[in-house]
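Read through the structure below, which is laid out as structure tokens, and then see the notes.
Scope of the values below: all heavy atoms of this structure, side chains included, with no hydrogens, waters or symmetry mates.
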Amino acid sequence: MNQILKTHIRKTVDLQEIELEKACSFFEEQRFKKREMIINANDQVNHVYFIVSGLLKLFYTDSDAKEHIISFSMEDWWESDYAAFYTQTKATQSLQCLEDTVVLKLSFDNYQQLLTEVPKMTDFFLKKAIGGHITSQRRILSLMTMSAKERYEQFLKYYPSLLQRIPKIVLASYLGVSRETLSRFFESK
């Protein structure tokens, strides 16, 4: 597991082997089953998660109990309710496994200690945050300005490998369309 994390970190920042070993020492492996919840709304959020294998969905449930999918996360990605993690407050979002999943989790306390003991990891997390921010802005703009078909085509462009892994009803929810509308998109391809 540590080799996967080391390879991931090396793609973003240049660390010496001793720094990589130290960084990896702050993470703990955890396994989840398909449909298992990692974070429930109103939970205290104490971890961020690096996905080693599997697929997750981050979602918000409104007052009418309607689920709004914010994002999907797969191998080599990070996920959490970041607002709750960084402010050490309760979750407003939920995180659920769409497949059996293995993560390396980093607690808030270990995150703080990691940044102190391996200062280059500050740059790593900053670059990851910027990438996530860019992706979030792209998603917001797509919801504001694109048709459902255009959002589907954008999803295919950026995440082609996810198409076979996400149930159609879940993908339809993410795109803000009915399952029937999504089926028409598949037929037109």
### Message
Once side-chain hydrogen bond (donor to acceptor under 3.5 Å, both in side chains) is applied, do any residues pair with E28, and if so which ones, sequence neighbours excluded?
### Response
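side-chain hydrogen bond (donor to acceptor under 3.5 Å, both in side chains) list for E28, sorted by chain: empty.
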
#### Entry: H47 and F108: CA distance, side-chain angles, deciding distance, side chain to side chain contact (heavy atoms under 4.5 Å, CB included) verdict
CA-CA 6 Å; H47 295 91; F108 184 77; over 6 Å; no

### Candidate pair F27 and F50, rule ring-ring contact (aromatic ring centres under 6.0 Å, His included), full reasoning
CA-CA 9 Å; F27 290 81; F50 172 70; 7.5 Å; no

### Closest non-hydrogen atom pair, Q93 against I70
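Looks like OE1-CD1, 3.1 Å.
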
### Message
Aromatic contact between Y174 and F155, with the criterion being ring centroids under 6.0 Å apart: yes or no?
### Response
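Y174 vs F155: aromatic centres under 6.0 Å.
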
### Query
Are Y159 and F72 near enough that their ring centres are under 6.0 Å apart?
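Ring centres of F72 and Y159 not closer than 6.0 Å.
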
### Task
Flag yes if more than 12 heavy atoms outside Q88 fall under 6.0 Å of its CD atom; otherwise flag no.
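Yes, the 6.0 Å shell around CD holds more than 12 heavy atoms from other groups.
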
### Message
My understanding is that only one of E79, E99, E67 makes a salt bridge (Lys or Arg N to Asp or Glu O under 4.0 Å) with K57; could you say which?
### Response
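Considering E79, E99, E67, a salt bridge (Lys or Arg N to Asp or Glu O under 4.0 Å) with K57 is found only for E67.
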
#### Entry: Non-hydrogen side-chain atoms of L106 and L114 separated by less than 4.5 Å
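L106 reaches L114 side chain to side chain.
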
### Task
Determine, step by step, whether L5 and V52 satisfy the side chain to side chain contact (heavy atoms under 4.5 Å, CB included) criterion, reporting the C-alpha distance in whole Å, the side-chain angles of both residues, the deciding distance to 0.1 Å, and the verdict.
CA-CA 8 Å; L5 182 58; V52 175; over 6 Å; no

### Query
Quick check: does any side chain N or O of R151 sit under 3.5 Å from a backbone N or O of L175, one acting as donor and the other as acceptor?
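Present.
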
### Message
Could you check whether any side-chain N or O of T7 sits under 3.5 Å from a backbone N or O of Q3, counting only pairs where one atom can act as donor and the other as acceptor?
### Response
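Checking the backbone N and O of Q3 against the side chain of T7, a donor-acceptor pair under 3.5 Å is found.
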
### Task
Take D14 and R10 through the salt bridge (Lys or Arg N to Asp or Glu O under 4.0 Å) test and state the conclusion after the steps.
CA-CA 6 Å; D14 184 27; R10 279 188 182 116; over 6 Å; no

